[in-house]
Visitor: 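One structure, pasted below without further comment.
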Amino acid sequence: MTVLSDATLVSPVGVVPGGWVALQSGKIAAVGGPERALPRDAEVVDLGGRWLVPGFVDLHVHGGGGQSYCSGEPDAPAAIGALHRTHGTTSALASLATAPLDEMARAASALAPLVEAGALAGIHAEGPFLSPAHAGEQDPAAMIPPDVDALQTLIDACRGHLRVLTLAPELPGALELVKRAVDAGVLVAIGHTGAGYERTLAAIEAGATLATHLFHAQPGPQQREPGAVGALLEHPDVVVQLIADGIHVHDALLAMAFRLCGPERIALVTAAMAAAGSGDGQYQVGPRSVDVRGGVALIEGSGATAGSTLTQDIALRRAVDAGVPLIDAVTALSATPARAIGIADRVGALVPGLAADLLVLGADLEVEEVLVGGSFTMRA
Ligand SMILES: [Zn+2]
């Protein structure tokens, strides 16, 4: 048994200075505060008061470290996972951008074995049933109307691991498709949409439970039309994704969303593309050239945002700087996304029985150590 001692825990019971976590067989065996004696006969690692938080869960990752899940490159998933792990992400969905259906299916079938091996928490299809009028970073030419056979093609290609489907509820047949997806065990996220308030509520009624990067690639609320944003913010059954990079959502809206929804309804995601963790330069994202300058990724020629270069450690610091309490930001990076995709019985909190996926953070909230299944992964 290993005990991480003198840690400042961010746990479901609150922030606990002088706390400890005991690890055994890859799992959290026990959690205690300063009043409770450390387990005997354990190897003790003194964290010197540093933060100990659960590993982050990212519901939306396209790539990182120069690679993309869509590329089909055999070494891409490992490189992407490794890049994001050093920034605190220990569980993630692999997100597929909208592309011709056969391309999405091919990429999905290459990822399915990685879900079975435990390297990915599942697959997220961002499209292809999206609104071309709200394409954002997605390719409008590859978007198609809701189609039951196309959905089935994706489900089959994912071999049962299509965890999330992002769609636009205003498209004809979308509500029926929401029901189909949910019946097949796929969670539905609303995004890349111009749907109004009523239509969005109808999609939630039909079973949609997530919002893909709220505020981005959708119109904001108007005085007589609260829109998708209004419905998604308000509904108690919806978890909303936010890209806390100051580009996809203003810090004031980020903090406002936390006050409105609470951390149990917010998942801080990266929606990271290949350039995350790779610095500025030229990147190829699907059919388009993307120019990254100062961490801002723009589609060449159009000036439109091409995706984010965010990592979850930066999202944590940004949220805290925007005024979100640290414990709430950590919840939105771990427990809430884990619950949203049904893996909270395995990861996402400092609770006995869950995987020992843990982060040691310094006083400045920089990631200093990452443990996956109880093993340190960053130590030289
Ligand atoms: Zn998107």
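The shown structure was predicted, so the numbers you read here are calculated from the model rather than taken from an experiment. For ligands, and for the atoms within them, numbers begin at 1 and follow the listed sequence.
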Visitor: For Glu264 and Thr331, test the side chains for any donor-to-acceptor distance below 3.5 angstrom and give the result as yes or no.
Guide: no
Visitor: Of all the atoms in His60, is at least one N, O or S atom closer to the Zn ion (ligand 1) than 2.8 Å?
Guide: no
Visitor: N/O/S atom of His213 under 2.8 Å from the Zn ion (ligand 1), yes or no?
Guide: yes
Visitor: Considering just N/O/S atoms, say which atom of Glu126 is closest to the Zn ion (ligand 1).
Guide: OE2
Visitor: Check side chain to side chain donor-acceptor pair (under 3.5 Å) between Asp291 and all other residues, then give those that pass, not counting sequence neighbours.
Guide: Arg293
Visitor: Between the side chains of Glu126 and His213, is a donor N or O closer than 3.5 angstrom to an acceptor N or O?
Guide: yes
Visitor: Could you go through Leu154 and Leu101, starting from their C-alpha distance and side-chain angles, then the distance that decides it, and tell me whether this counts as side chain to side chain contact (heavy atoms under 4.5 Å, CB included)?
Guide: CA-CA 8 Å; Leu154 284 176; Leu101 189 66; 3.9 Å; yes
Visitor: For the Zn ion (ligand 1), find the closest N/O/S atom on Glu137 and give its atom name.
Guide: OE2
